[in-house]
J.: 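The structure's right below; bear with me while I get my questions together.
Position 1 is the first residue of the sequence, and the numbers go up from there.
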Amino acid sequence: MKHTLSYRFGHPNPQFFRENYKVLNGEWDFVFDFLDEGIDKEYNKNFPTDCLKINVPFPYQAKSSLIGQDKTHCDVVWYRKKIILDNNSSHYKLTFFGVDYITFVYVNGIKVATHEGAYDSFSVDIKPFVKEGENEIVLRCLDRMHVDQIRGKQRWRDETFECFYTETSGIFKDVLLENLNDTYIDYFSFKARGFNKTLTIKVNLNEYKPNLKLHIIISLHGKKIHSSLIPLTKKEQAFNIVFFFF
């Protein structure tokens with residue numbers, strides 16, 4: 001990826017790089033909830049003061065997490081991160097690139113998202129739930145050692161066996177917060193069809209507004225080989241661009 005103009009060291013998704021972002025890796029507060037009492041005790045609002053510190057995005061089983069308890073299994077764990085916002089952006093998109101397995105996301109005590117699955121990313125716009133100044137993000141992660149849960153090669157027994165290895169619980173990939181405009185590209189993809197012929201581009205907006213235009217620039221080895229300004233007429237749109245490398 002280092003050859004791309006969008007590459008930024010440490011950015012978890014350089015192909016979707018935008019200027020205003022913050023990677024929320026590093027120190028988070030962490031709690032083992034062996035008795036699954038965090039909901040009743042409202043950890044989402046009153047996080048325990050006797051919490052541990054964990055180095056995200058490493059799971060608590062890994063030494064790099066600074067906890068390193070690979071012999072401990074806990075079905076429910078909690079995370080907390082405090083962030084400072086100016087609240088001037090139209091959207092604050094919070095993205096988790098990997099959390100194992102069922103995740104409940106709270107912002108300032110309010111549940112804003114639930115996600116099931118460890119192997120895909122998910123995002124939530126936290127703008128409606130934040131205020132200027134300090135804000136609190138809390139996660140409740142549920143990861144049971146059940147064989148019927150999608151596990152990959154994570155073990156469901158107390159000890160590693162055959163090709164199955166130590167389980168991974170909670171956050172195990174990067175966490176990204178982006179400050180976005182009122183209208184933004186939520187997703188895009190592109191695919192070349194034939195050599196020196198056609199590039200198919202698909203763009204999904206967070207919402208459609210009239211009179212929007214998409215500026216596309218294609219470069220090769222630092223040389224601009226295509227530039228066009230395309231009107232956008234709907235929220236999801238696909239179009240073809242014909243150009244030549246030489």
Side-chain angles (χ1 to χ4, degrees), residues 1 4-30 42-47 51 53-57 78-99 103-115 120-140 171 173-189 201-217 229-237:
M1 291 296 295
T4 65
L5 293 176
S6 63
Y7 177 78
R8 294 296 187 280
F9 179 79
H11 192 286
N13 194 5
Q15 202 165 30
F16 285 76
F17 170 78
R18 286 180 271 231
E19 289 289 343
N20 297 317
Y21 75 95
K22 184 176 183 180
V23 179
L24 298 182
N25 295 348
E27 185 179 280
W28 288 55
D29 296 326
F30 180 85
E42 296 189 317
Y43 285 1
N44 57 304
K45 297 178 181 178
N46 304 298
F47 206 83
C51 58
K53 301 295 182 180
I54 189 168
N55 183 26
V56 167
W78 291 77
Y79 292 79
R80 179 179 66 176
K81 182 74 170 180
K82 293 183 179 181
I83 57 174
I84 305 296
L85 299 175
D86 58 22
N87 208 22
N88 290 328
S89 293
S90 296
H91 299 276
Y92 284 106
K93 186 178 181 181
L94 179 64
T95 300
F96 296 91
F97 286 90
V99 186
T103 310
F104 305 87
V105 182
Y106 302 84
V107 176
N108 293 329
I110 301 171
K111 185 165 73 172
V112 300
T114 301
H115 179 266
D120 57 340
S121 63
F122 65 97
S123 300
V124 58
D125 184 3
I126 64 173
K127 170 66 176 183
F129 312 101
V130 298
K131 60 184 185 298
E132 185 175 356
E134 185 177 84
N135 295 268
E136 190 173 81
I137 299 170
V138 172
L139 266 64
R140 177 178 180 262
I171 301 173
K173 288 189 177 181
D174 298 308
V175 183
L176 180 69
L177 180 65
E178 297 176 282
N179 304 11
L180 302 177
N181 296 326
D182 190 27
T183 304
Y184 62 89
I185 296 174
D186 193 43
Y187 178 79
F188 74 90
S189 65
I201 299 177
K202 296 181 179 180
V203 173
N204 293 5
L205 305 176
N206 67 311
E207 63 176 337
Y208 172 73
K209 291 186 177 181
N211 304 317
L212 292 175
K213 293 182 179 180
L214 181 66
H215 189 193
I216 296 177
I217 299 174
L229 200 60
I230 300 176
L232 296 176
T233 58
K234 53 187 177 180
K235 184 177 178 180
E236 299 181 6
Q237 189 167 336

J.: Give a yes or no answer on whether the side chain of Asn135 reaches the backbone of Gly133 with a donor-acceptor pair at less than 3.5 Å.
T.: yes

J.: What distance separates Asn204 CG from Ile185 CD1, expressed to the nearest 0.5 Å?
T.: 9.5 Å

J.: Keeping to residues at least two apart or across chains, list the salt bridge (charged side-chain N to carboxylate O under 4.0 Å, His left out) pairs with something in residues 11-22.
T.: Arg18-Glu178

J.: Could you measure the distance from the CG atom of Asn181 to the OG atom of Ser89? Nearest 0.5 Å is fine.
T.: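 The OG atom of Ser89 is 7.5 Å from CG of Asn181, to the nearest 0.5 Å.
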
J.: Looking only at the aromatic ring of each residue, does the gap between the centers of Phe16 and Phe188 stay below 6.0 angstrom?
T.: yes

J.: Would you name the heavy atoms of Val56 and Trp28 that are closest together and state the gap between them?
T.: CG2-CD1, 3.3 Å

J.: Determine whether Leu176 and Asn13 make a side-chain contact, defined as any pair of heavy atoms from C-beta on separated by less than 4.5 Å.
T.: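 Heavy-atom side-chain distance check fails, nothing below 4.5 Å.
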
J.: Give me the atom names and distance for the closest heavy-atom approach of Ser121 to Phe97.
T.: CB-CA, 3.7 Å

J.: Start with the C-alpha distance between Val175 and Val99, add both sets of side-chain angles, then the distance that settles side chain to side chain contact (heavy atoms under 4.5 Å, CB included), and finish with yes or no.
T.: CA-CA 10 Å; Val175 183; Val99 186; over 6 Å; no

J.: Please report the shortest heavy-atom distance between Lys209 and Thr183, naming the atom on each side.
T.: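 Looking at all heavy atoms of both residues, the closest pair is CD-OG1, 3.6 Å.
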
J.: Would you call the rings of His115 and Phe122 parallel, tilted or perpendicular if under 30° counts as parallel and over 60° as perpendicular?
T.: parallel

J.: How long is the span from the NE2 atom in His215 to the CD1 atom in Ile230, to the nearest 0.5 Å?
T.: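 With rounding to 0.5 Å, NE2 (His215) is 10.0 Å from CD1 (Ile230).
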
J.: Is any side-chain heavy atom of Asp186 closer than 4.5 Å to one of Lys93?
T.: yes

J.: For the residue pair Leu214 and Leu212, establish whether any side-chain heavy-atom pair is separated by less than 4.5 Å.
T.: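 A side-chain contact under 4.5 Å is absent here.
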
J.: Hey, are the side chains of Asn211 and Lys213 touching, using non-hydrogen atoms and a 4.5 Å cut-off?
T.: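 Asn211 does not reach Lys213 side chain to side chain.
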
J.: Which atom pair, heavy atoms only, marks the closest approach of Ser123 to Thr95?
T.: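 Heavy atoms only, the tightest pair is OG-OG1, 2.7 Å.
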
J.: Do the side chain of Asn108 and the main chain of Glu136 share a donor and acceptor less than 3.5 angstrom apart?
T.: yes

J.: If I take atom NZ from residue Lys45 and atom CD1 from residue Ile110, how far apart are they, to the nearest 0.5 angstrom?
T.: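 So the NZ of Lys45 and the CD1 of Ile110 are separated by 8.0 Å.
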
J.: Please test Val138 against Tyr43 for side chain to side chain contact (heavy atoms under 4.5 Å, CB included), starting from the C-alpha separation and ending with a verdict.
T.: CA-CA 8 Å; Val138 172; Tyr43 285 1; 5.5 Å; no

J.: Do you know which two heavy atoms are closest between Tyr21 and Val23, and how far apart they sit?
T.: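 Heavy atoms only, the tightest pair is CE1-CG2, 3.9 Å.
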
J.: So, taking the atom named CZ in Phe17 and the one named CZ in Arg8, what distance separates them when rounded to the nearest 0.5 Å?
T.: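 With rounding to 0.5 Å, CZ (Phe17) is 4.0 Å from CZ (Arg8).
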
J.: In terms of side-chain geometry, is the basic nitrogen of Asp29 or Lys53 positioned less than 4.0 Å from the acidic oxygen of its partner?
T.: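 Yes.
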
J.: Show every salt bridge (charged side-chain N to carboxylate O under 4.0 Å, His left out) that has at least one partner inside residues 124-134, sequence neighbours left out.
T.: none

J.: Side chain to side chain contact (heavy atoms under 4.5 Å, CB included), that's the test. Do Ile83 and Ile137 meet it? Break it down for me.
T.: CA-CA 8 Å; Ile83 57 174; Ile137 299 170; 3.7 Å; yes

J.: Anything under 30° is parallel, anything over 60° is perpendicular, the rest tilted; go ahead and classify Tyr106 against Trp78.
T.: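 Parallel.
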
J.: Please name the pair of heavy atoms, one in His91 and one in Asn206, separated by the smallest distance, quoted to 0.1 Å.
T.: NE2-ND2, 3.5 Å

J.: Could you tell me if the side chain of Leu85 sits less than 4.5 Å from the side chain of Tyr92, heavy atoms only?
T.: yes

J.: With rounding to the nearest 0.5 angstrom, report the CG to CD1 distance, Leu139 to Ile171.
T.: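 It is 5.0 Å, given to the nearest 0.5 Å.
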
J.: Answer yes or no: is there a side-chain heavy-atom contact under 4.5 Å between Ile126 and Val105?
T.: no

